[in-house]
Each structure stands twice: as structure tokens, then as C-alpha cells.
Amino acid sequence: MRCSAVARELKNDDLLGMTEDLDSVIKNIGHELSRIPASTFGSSRFPDGRADANLQIAGHRPRYCDQNSCDGYSEADMSIIPANSRPRRRTLHNSDMPRLVDFLQGMYHESHDIGAHSFNSLPEVAEYVEPLYDSFFCPLTNKVMVDPVTTESGVTYDRKAIEEYFEKFADGSEPVVCPVTKMSMQSKALRSNVPLKSTIAEWIMRNEATRVRIARTALSMASTEAMLLEAIQELKLLAKIRRKNREQMHKIGITKFLPRLLEHKDGLIRCDSLDLLCLLAEDETGKEVIANTRAITRTIKLLSSNSPDERHAAISFLLELSKSELLLENIGSTSGSILMLTTMKFNDSDDPVAAEKAGEVLKNLENCPKNIKYMAESGYLDPLQRHLVEGSEDVQMEMVSYLGELVQKQEMTINIAGSASEILIKMVHSGNTVIRKAALDVLVQISSDGPNSKTLVDAGAVPVMVEELFIRKIDDEPMGSKTEAAAVLANIVESGLDPDTIVVNKEGHVITSKYSVYNFTHMLKCSMPDDLNLSIIRVLLALTALPKPLMTVVSVMKEQDSSLTVIEFMGSKTEALGISATRLLIALSPQMGHTIAEKLCKAPGQPGRLVKSIGQPGRVTERHAVAATLLARLPYQNITLNLALLEQGAVPTLLAKIEEMQRGEMRVSRHAKTYMEGLVGALVRMTMTLYDPDVLLAAMDHNFTAVLTDLLVRSAGSDEVQRLAAVGLENLSHQSVNLSQPPSEEQRRPKKKNILRRLRDAHTGRVHDNNRKPPPPPAQGRLCPVHRGVCSPATTFCLAEAGAVEALVGVLESNENGRVVDAVLGALCTLMDDAVDVERGVAVLAEHDAARHVLRALRQHRDVGGDTAGAVSRRCFWAVERFLAHGGERCVRDVTADRALPSALVSAFHKGDAATKQVAESVLRSLHRMPDYSATYVSVEL
């Protein structure tokens with residue numbers, strides 16, 4: 001107020017400038033006071049609670065001040081501190097003023113004080129709060145001294161700097177001169193300035209503590225990324241200097257605050273925050289603080305960052321955290337942590353640095369047993385195997401328990417080493433039921449992966465499992481161990497190893513020996529658990545894939561009469577057991593099909609259950625497919641089974657399901673093709689026993705000829721369906737001669753039509769009613785040129801009347817499968833058999849250009865080896881002979897014009913079997929390529 005009064009009379013510009021500065025000071029003081037809550041003023045001298053933020057100096061009196069006093073203080077109380085009595089500061093940083101410094105400029109009462117100080121960095125702000133004196137600086141280096149010493153001249157220097165200065169005078173040619181006073185010194189002795197050294201050390205500690213507090217304020221109040229980055233960089237620098245700074249950061253909440261910045265949108269801030277956290281985590285206190293935050297979860301997310309720097313910072317932070325046992329379980333249990341770390345470890349080509357550190361983190365995490373389990377769940381089994389082999393007995397049991405839990409929870413592929421396999425096999429002998437159960441569960445899962453089977457066999461697993469299955473008995477232990485041992489053996493046998501090399505006991509028996517097969521078969525009982533029976537059937541089924549073991553299994557099955565037990569398993573409620581049992585019977589049917597068929601008819605509820613299984617509605621399952629396949633594979637000639645099927649209504653069921661499949665009414669699955677082939681095969685089997693009146697009547701009633709002809713065209717893309725349909729047509733066609741009856745006299749006499757009848761027929765031919773069903777065929781049929789009698793598709797199975805010839809020739813033209821071609825030729829040849837009118841039969845075939853298609857089939861299969869090619873060639877030669885002997889001019893011309901036929905005949909005559917040679921020789925004689933020894937020669941005298 002005194003300055004305000006005097007200022008009105010001042011004319012000097014300098015004095016006016018001073019008063020303006022004071023005006024600014026007062027305004028700032030008022031502004032700061034206005035921010036103080038009214039509750040903090042305990043005195044009644046501030047009735048309005050706030051000081052006026054707009055104090056005026058010139059021309060106005062403030063509300064709370066008068067001429068002689070201001071806020072209760074006298075002029076004597078407001079002493080002015082001379083400028084030269086204040087400590088002088090030095091600036092250590094000369095960088096441009098960043099925005100964060102602008103923000104902090106007004107903090108700690110230093111924004112507009114005397115001298116108008118400005119700061120270029122956070123340390124300068126701290127240096128002003130904690131003043132830095134000139135006496136702290138070494139005159140030589142102009143840096144704060146570390147070890148201050150005093151020379152003879154009384155000047156204090158940093159010890160290292162003055163000693164380096166004295167080395168210039170080491171030769172003694174020049175007197176030693178004080179670098180400050182320029183006085184000559186007689187001695188180089190140095191005295192440690194202990195008080196100054198202590199003062200500097202104390203100042204450094206206070207300065208760093210102040211810098212930490214300022215940076216903490218900046219972190220919480222910064223409004224821009226640049227301000228945050230500068231604060232974090234300052235904290236990183238301080239954290240590296242000394243542990244005490246880190247402890248202070250823990251206490252004032254910096255460590256707890258930093259994890260929030262890991263979700264910041266700016267990548268640089270996230271990366272720098274991770275670096276600072278990594279430094280703070282070097283102390284156990286820091287790790288404890290971090291454990292109570294979400295730092296680990298957020299760091300795991302950053303492992304998948306696209307920025308290499310961010311990934312490296314995140315993995316480095318996790319590596320530091322993993323050094324503490326306190327955080328091991330926390331890291332491992334964090335969702336996705338183990339999976340991310342293992343992925344990073346194995347993708348070493350993408351980022352070798354991160355891969356190496358990820359491996360180190362995983363290695364540290366192994367110190368917590370639960371993490372080993374988490375790693376195994378993520379597919380990283382190496383730690384578990386290593387502890388299983390190298391760990392103590394308690395650790396080994398714990399690892400086996402983990403593996404046992406793992407295989408119970410999820411199906412997974414376990415590739416295991418031989419040493420680990422030996423440990424597991426050894427544990428099976430343990431008296432501890434829990435460990436035995438866990439070890440067996442693990443061995444079951446391990447053996448399910450084919451490559452592990454060789455390892456298990458080499459480790460001696462098979463004899464142990466055989467002993468467990470056949471010999472060992474523990475009274476207080478359930479049958480589970482036998483079930484699991486059988487499952488291990490089934491997996492090993494199914495793996496593809498040569499069963500003749502799998503030894504089962506010390507006596508040298510192998511798994512394919514009669515001893516082994518007998519024991520396996522002997523254990524097949526309905527009283528045993530389904531899983532045990534399933535595993536034994538899997539072993540037997542795998543053995544039937546090889547010829548020699550197949551014969552052993554067939555021999556033992558016949559001796560023990562075990563086929564009935566397997567048939568009973570087909571109806572098991574356990575679907576896998578029912579399917580495997582059916583598949584075993586299918587595999588055995590070529591060798592003991594009649595035995596199986598007889599037992600099937602004697603089994604309770606069979607074959608009705610099979611028919612019922614085939615006819616179930618809904619989606620086609622594997623059980624449907626194998627049931628139909630079994631009926632298609634059992635011997636077709638077995639009249640007992642065919643009659644039993646007929647009695648159980650199999651034919652209507654089969655026809656209904658075939659129609660549903662052709663119309664697409666049943667839901668398609670991967671078993672649909674097998675199911676369709678089984679249905680057709682089961683239907684065709686009936687055509688092999690047409691000599692039975694009941695079977696013959698069923699074939700007539702359901703018009704088998706039309707059904708099989710339709711299957712040739714609508715085969716659902718299956719060659720086997722076409723082959724079976726052709727086989728069925730061949731069987732039916734063989735019966736046509738016996739079923740076809742000579743026409744009666746009335747039928748031979750042509751009927752005369754009157755004019756009205758002719759007009760009606762003509763009108764019927766011109767009018768097409770799509771909704772009108774075609775008139776039924778005459779009961780007596782019509783005269784067939786091939787079979788010399790009255791024929792119809794339904795009653796005599798005539799291929800010519802059913803239109804099957806065109807369908808068969810079409811398959812012959814379009815399908816190149818040898819087995820299908822052989823079956824089609826077999827059906828066509830029935831129309832040229834000696835029992836029919838051969839010339840008429842050849843004429844019917846000639847109408848469909850059959851000769852050309854037969855010759856084409858011969859060319860396609862002449863160079864193909866195997867029995868199928870030989871059968872095709874034999875049938876083609878037989879048909880060609882008929883074409884030559886009984887065909888018309890066009891037919892003979894087609895045959896003789898084929899240029900490949902002679903060479904095919906000669907090749908078959910030279911290299912074919914006896915039957916093929918005989919047919920080829922007959923065709924060669926017809927072509928006059930060989931002499932006809934049956935001809936009669938007349939002697940002529942010259």
C-alpha cells in the first residue's frame with residue numbers, strides 16, 4: 001500500500017516498472033489465496049472466506065487493508081529480504097522449455113517471484129525448491145562435487161579433478177599453482193571436506209526426493225502426452241540412481257498408479273510405463289505393490305502388440321516379476337498368459353529376443369507346480385515331463401496327478417519321451433491306487449497317439465499291460481485298471497506296428513500268437529464292463545487286418561464259439577461297443593460267414609434287431625451303416641439267414657430305405673454311401689436263393705428287376721451300388737428261362753380289332769394325361785423273343801422286357817471300374833446263354849450297340865493286371881465269340897473291324913489262365929486265326 005501511494009508521484013520509468021512487477025506479485029498472491037477453502041481460515045479476520053483475487057495497487061484500496069495495516073500485520077512485520085542474502089542457483093539443464101514445465105511453473109510459490117525465474121526441465125524446478133549453492137560445484141569441472149577436498153590454498157575441489165590437475169606438475173619442472181587463486185602451493189596434500197561432503201549428500205537426497213514428488217504431481221495432473229512422457233522419463237532416471245528413490249515411489253503411490261497407464265492410447269507412454277515398472281519391480285516391495293494391481297493382466301495383453309519395443313518391454317517386465325515366488329501363481333493363472341508365452345517362445349524366427357525372454361519367464365514359472373499344469377493344458381508338456389523324470393518321488397506323483405486330471409478334462413495329443421514312459425509304467429506297479437489310476441489314464445491317452453506306441457513298446461509297456469489284464473488281481477481295486485490296460489494294448493495294436501514284433505511276456509509270446517488271441521477271446525464276456533469288452537474287440541479287429549493273424553483269430557473264435565458273444569454285443573447300449581462288434585463280424589465273415597449267419601439266426605432277437613437298426617428313421621449313423629454292411633457281407637447263399645430276414649420283413653424295410661436315400665429324404669452324413677451300399681447288398685443277397693418259393697415270391701411281389709434297373713441309373717455315385725445291381729440282375733435273369741412259359745394257342749392267334757377299338761386306341765395314343773397311371777401289364781405278359789415264352793419284368797425278371805439292357809450298356813459305357821464292368825458283362829451275357837434263344841439275344845444286344853461297348857471294355861482292361869482284369873477279358877472274349885457265331889452282318893463287321901482284338905486274343909492265349917486261353921482260342925478259330933480241329937476233312941486223290 002505504501003508503494004501504491006508513492007507510485008502516483010513517481011516519474012522514473014525504472015521505478016514504474018518495479019511497481020508493475022509488484023502489482024503482478026500481489027495479483028498472484030491473491031489468486032493463490034482465493035483457492036484456499038474458507039474452512040482453513042481459523043481467524044475471524046476473513047469474514048468472506050476468500051481474499052480478493054483482483055487486488056489493485058494504484059487508485060483503489062483493497063477491502064481487507066487500510067493505510068496502516070494489512071490483514072493485521074504491521075509494517076515492521078513485513079521486512080524485506082535483501083536479494084544478496086538469498087542462495088544462488090545454477091542451471092544444470094539448458095533444453096527448451098517443455099509444456100510440462102509450463103504447467104509446473106506456478107507450483108511451490110515460484111511462478112512470479114523476484115527475478116522472474118523460468119525453468120527448462122523438471123530437475124530445475126526441484127533445484128529451485130531445494131536450492132543448489134555455488135559451493136557445491138567444483139571450480140575445475142563446474143559440476144557438483146562427489147568427494148570434496150581442500151588444498152593448501154584453502155579452495156575446495158572434487159578429489160578426482162584436482163588429482164588430475166596435479167598430474168601436470170608431476171615432473172617437478174614447474175611449481176604447483178592453485179587453479180583458482182593462482183597462488184603457488186608448496187604441498188599437494190588434500191584434506192577431505194567432511195562437512196561439505198555431508199551437506200552435498202544431504203542436498204542430493206532432498207533434491208531427488210523433491211524431484212520424485214514433482215514428477216508424481218505431474219503424472220496425476222498432466223493433461224498431454226508430452227507431460228506424461230517427461231514425468232515418466234524423470235522417474236526412470238531417478239529409479240535407476242538409487243533404491244531409496246524407488247522406495248519413495250512405492251510409498252507415495254507411483255508404483256500403484258503406473259499400471260493405469262498400460263491402457264493408455266499412446267504406445268510410447270505404455271512402453272515407457274513398462275520400463276519404469278520393470279525398474280520398480282526390482283525390489284520385493286515393488287513386486288508386492290504390483291501384485292495388488294492389474295499390471296500383470298494388462299501386460300499379458302501387450303505381449304501381442306504389433307510394436308516390437310512394446311513387446312520387448314512387456315516381456316522384460318514379466319521376466320522381472322517372474323523372479324519373485326510371490327507372483328508366480330499370479331502370472332500363470334492370468335488368462336492367456338501361458339498360451340501367449342509358449343507361442344512367443346516357439347515363434348523364435350519372428351522375434352528371437354522376445355522368444356528367448358519368454359523361455360526364461362516360463363523357466364521361472366516352473367518353480368510353481370500349478371504353472372506346470374497350466375503349461376500342459378496349453379500344450380507345452382516339456383516342463384511336466386522334465387519334472388516327471390528328474391523330480392523327487394513326491395513331485396513325480398504330483399506330475400502324474402496333473403497328467404491324469406488333464407486327460408480326463410480334455411482330449412489332447414501327448415508326445416512323451418521314453419524316460420517318462422518308463423516312470424509311468426513303473427508307477428503302474430505302485431500299490432497306491434490313485435497313482436496307478438492316474439498313470440494308467442495317462443498311458444491310455446499317450447498310446448492313442450500313433451508315434452508314441454513305438455516308444456511305449458520299447459519301454460516295456462505291453463508285458464505290463466498284459467500282466468495287468470490277464471494275471472494281476474488286487475481285491476480292493478475295481479476293474480478299471482484292466483479296462484485301461486486293455487485300452488493301452490488296443491491303441492498300440494491299432495497304431496500300425498507289426499504285431500508279430502510285439503512281445504507280451506517273458507516266454508517270448510507275441511500278440512499275434514494263439515496264446516495271446518486265446519486269452520483275449522476268453523475275456524469276452526457280457527458280464528465284463530463294456531469298455532473292457534470294447535478294447536478287447538478293438539485288439540481282435542486290428543489283428544484281422546493281416547492274413548496270418550486273421551486265420552488265428554478265426555481258429556480261436558471257432559474253437560471257443562465266441563461269435564455268439566460278439567453277436568450279443570451288437571445290441572449293446574454302448575454305441576461304440578455295438579459298432580466295433582459288428583465290424584469284427586464283418587471282418588470275419590469271409591472266413592466264417594456261414595457260422596456267423598447260423599449263430600445270428602439263433603441269437604435272441606436276431607436278426608430282427610439288425611433289421612430294426614437298419615430301418616430306424618433320422619440321420620444315417622455309423623451304426624446304421626455297419627448293420628447294413630454286415631447283412632451285405634454274410635454269404636448270400638445262406639438260405640437260413642435269408643428266410644429269417646424275409647420273416648422279419650427285411651425286404652420292405654430295405655426297399656423303403658433305398659427309396660428314401662434316392663429321394664434324399666434321410667439326412668446325409670459321411671456314412672450315407674456305406675449305408676446305401678449295405679442296403680443294396682442286403683437286397684441282392686435274396687437273389688441268390690430264388691430257388692426258395694418264399695424268396696421267389698418276394699422278388700416277384702416287389703419287382704426286384706425294376707428296382708435293380710433303377711439302381712443302375714440312380715446309384716448315388718457309388719460304383720459298388722452299380723456292381724451289386726448288375727449282380728442282382730444277373731441272378732434274376734438266370735431264372736427267366738425257368739419262369740417264362742410257352743404261349744397258349746389263344747395268345748398265339750392274333751386278335752382282330754374292330755373299327756371302334758382302333759379309334760379308341762388311336763385317341764388314347766394322342767391324348768397324354770400325366771396324372772393317369774399307366775395301365776398294368778397283362779397278367780399273362782407277352783411273348784419274349786429271347787426266352788421263347790411269355791415274360792414280364794415282375795414275374796419272370798426278363799431284362800429285355802424291363803428295359804435293363806439299355807441301362808446295363810449305359811453303365812458299360814460310362815464306368816471304367818473293373819469290378820463293375822465284370823458284373824455288367826455277366827448280366828448281359830445271360831441274354832446269350834445256351835438256355836435262351838442266342839440269336840434273338842444277340843439281336844437284342846445289337847440294337848443297343850453292345851458289341852462296340854464290349855470291345856471298348858476289352859481295350860480298357862487288357863493291360864490291367866489282377867484277377868478282375870482277367871475276368872473282364874474272359875467275359876469279353878465269350879461275348880465276342882457269341883457275336884461272331886450268332887450275330888448279324890453289322891455285329892460281325894463291328895467285331896472283325898476292331899484292330900486291337902487280334903493282339904488281345906493272342907496275348908490272352910499266351911499268358912492267360914486256362915479258362916481265358918480256352919475262350920481266346922475259340923474266338924481265334926472263329927476269326928480263322930487258328931485251325932479248326934473239329935472240322936471234317938475229305939481225302940482227295942490226285
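What you see below is based on every heavy atom in this structure, not just the backbone, and it leaves out hydrogens, waters and symmetry mates.
The closest donor-acceptor contact from the side chain of E422 to the backbone of A459 lies at 3.5 Å or more, if one exists at all. Of the possible polar contacts, none joining the S555 side chain to the M551 backbone as a donor-acceptor pair under 3.5 Å is found. Judged purely by atom type and a 3.5 angstrom limit, T544 uses its side chain to pair as donor or acceptor with the backbone of L541. N452 contributes a side-chain N or O that, together with a main-chain N or O of I446, makes up a donor-acceptor pair within less than 3.5 Å. D833 contributes no side-chain N or O that, together with a main-chain N or O of V836, makes up a donor-acceptor pair within less than 3.5 Å. Here the side chain of K599 pairs no donor or acceptor atom with the backbone of S563 at under 3.5 angstrom. Not a single donor-acceptor pair under 3.5 Å links the side chain of T574 to the backbone N or O of A576. Between the R623 side chain and the G578 main chain, no donor and acceptor come within less than 3.5 Å of each other. Checked by atom type and distance alone, the side chain of T512 never pairs as donor or acceptor with a backbone atom of P549 at under 3.5 Å. Not one N or O on the side chain of R875 forms a donor-acceptor pair closer than 3.5 Å with the backbone of L825.
How far OG of S613 is from CE of M570: 9.0 Å, rounded to the nearest 0.5 Å.
By the 4.5 Å heavy-atom criterion applied to side chains, L799 and L808 are counted as neighbours. L711 has its side chain out of reach of Q722: every pair of non-hydrogen atoms, C-beta onward, lies at least 4.5 Å apart. No side-chain heavy atom of H787 sits under 4.5 Å from any side-chain heavy atom of T796. For the pair E484/D441, a side-chain contact is recorded, criterion being any heavy-atom separation below 4.5 Å from C-beta on. Contact annotation: the side chain of V466 never approaches that of N505 to less than 4.5 Å [non-hydrogen atoms, C-beta and beyond]. With a 4.5 Å cut-off on side-chain heavy atoms, L532 and I536 count as touching. Annotation: side chain of V434 is not in contact with side chain of M397 (no heavy-atom distance under 4.5 Å). Contact of the S481 side chain with the K437 side chain is not registered, since no non-hydrogen atoms from C-beta on lie closer than 4.5 Å.
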Quiz item: Run the side chain to side chain contact (heavy atoms under 4.5 Å, CB included) check on V462 and E467 step by step: do they pass?
Solution: CA-CA 9 Å; V462 174; E467 179 184 353; over 6 Å; no
Self-check item: Trace of the side chain to side chain contact (heavy atoms under 4.5 Å, CB included) decision for K657 with Y675
Solution: CA-CA 10 Å; K657 288 299 173 183; Y675 179 62; 3.4 Å; yes
Self-check item: Audit row: Q560, T521, side-chain hydrogen bond (donor to acceptor under 3.5 Å, both in side chains) steps and yes/no
Solution: CA-CA 8 Å; Q560 294 194 357; T521 308; 4.7 Å; no
Practice problem: Give the C-alpha distance, both sets of side-chain angles, the deciding distance and a yes or no for side-chain hydrogen bond (donor to acceptor under 3.5 Å, both in side chains) between Q616 and H624. | Solution: CA-CA 8 Å; Q616 287 180 351; H624 293 148; 3.2 Å; yes
Quiz item: Run the side chain to side chain contact (heavy atoms under 4.5 Å, CB included) check on S736 and L739 step by step: do they pass?
Solution: CA-CA 5 Å; S736 297; L739 297 174; 5.9 Å; no
Quiz item: Does the side chain to side chain contact (heavy atoms under 4.5 Å, CB included) test come out yes or no for V488 and I492, once each step is laid out?
Solution: CA-CA 6 Å; V488 173; I492 290 174; 4.0 Å; yes
Show me, pair by pair, the donor-acceptor contacts under 3.5 angstrom made by side chains of residues 726-735, not counting sequence neighbours?
{"unit_1": "N731", "atom_1": "ND2", "unit_2": "T687", "atom_2": "OG1", "d": "3.0"}
{"unit_1": "N731", "atom_1": "ND2", "unit_2": "V727", "atom_2": "O", "d": "3.3"}
{"unit_1": "S733", "atom_1": "OG", "unit_2": "T830", "atom_2": "OG1", "d": "2.7"}

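A donor-acceptor pair shorter than 3.5 Å cannot be found between the side chains of T483 and D531. A donor-acceptor contact closer than 3.5 angstrom links the side chains of R538 and N491. S513 and S516 share a side-chain donor-acceptor pair at under 3.5 Å. Inspection of the R633 and S589 side chains reveals no N or O donor paired with an N or O acceptor under 3.5 Å. Side-chain N/O atoms of N642 and D692 include no donor and acceptor closer than 3.5 Å.
Minimum interatomic distance between L585 and I596 (heavy atoms only, all atoms of both residues): O-CD1, 3.6 Å. Nearest heavy atoms, L456 versus S447: CD1-CB, 3.6 Å. Here the closest non-hydrogen pair linking L534 and S580 is CD1-OG, 3.2 Å. Taking each heavy atom of V504 and V510 in turn, the nearest pair found is CG1-C, 4.0 Å. Closest heavy-atom contact between A438 and V400: CB-CG1, 3.6 Å. When every heavy atom of L641 is checked against every heavy atom of A597, the shortest pair comes out as CD2-CB, 4.0 Å.
R663 and E659 are joined by a salt bridge, as a carboxylate oxygen and a charged side-chain nitrogen come within less than 4.0 angstrom of each other. The pair R723-D719 does not count as a salt bridge, with every side-chain nitrogen at least 4.0 angstrom from each carboxylate oxygen. Using a 4.0 Å cut-off between charged nitrogen and carboxylate oxygen, K514 and E559 count as a salt-bridge pair. Here E720 does not pair with K673 in a salt bridge; the nearest charged N to carboxylate O distance is not below 4.0 Å. With respect to E468 and R436, a salt bridge is recorded, a charged nitrogen being found less than 4.0 Å from a carboxylate O. Salt-bridge formation is detected for the pair D913/R874: a Lys NZ or Arg NE/NH1/NH2 atom is positioned less than 4.0 Å from an Asp or Glu carboxylate oxygen.
If you run side chain to side chain contact (heavy atoms under 4.5 Å, CB included) between D500 and each of L497, I502, D498, V503, only D498 comes through.
When the shell of 6.0 Å around NZ of K602 is examined, it contains 12 or fewer heavy atoms from other residues, nucleotides or ligands. Within 6.0 Å of NE2 in H594 there are more than 12 heavy atoms belonging to other residues, nucleotides or ligands. Atom CD of Q637 is surrounded by more than 12 heavy atoms from other residues, nucleotides or ligands within 6.0 Å.
Ring orientation note: the planes of F704 and H702 are tilted relative to one another, at an angle of 30° to 60°.
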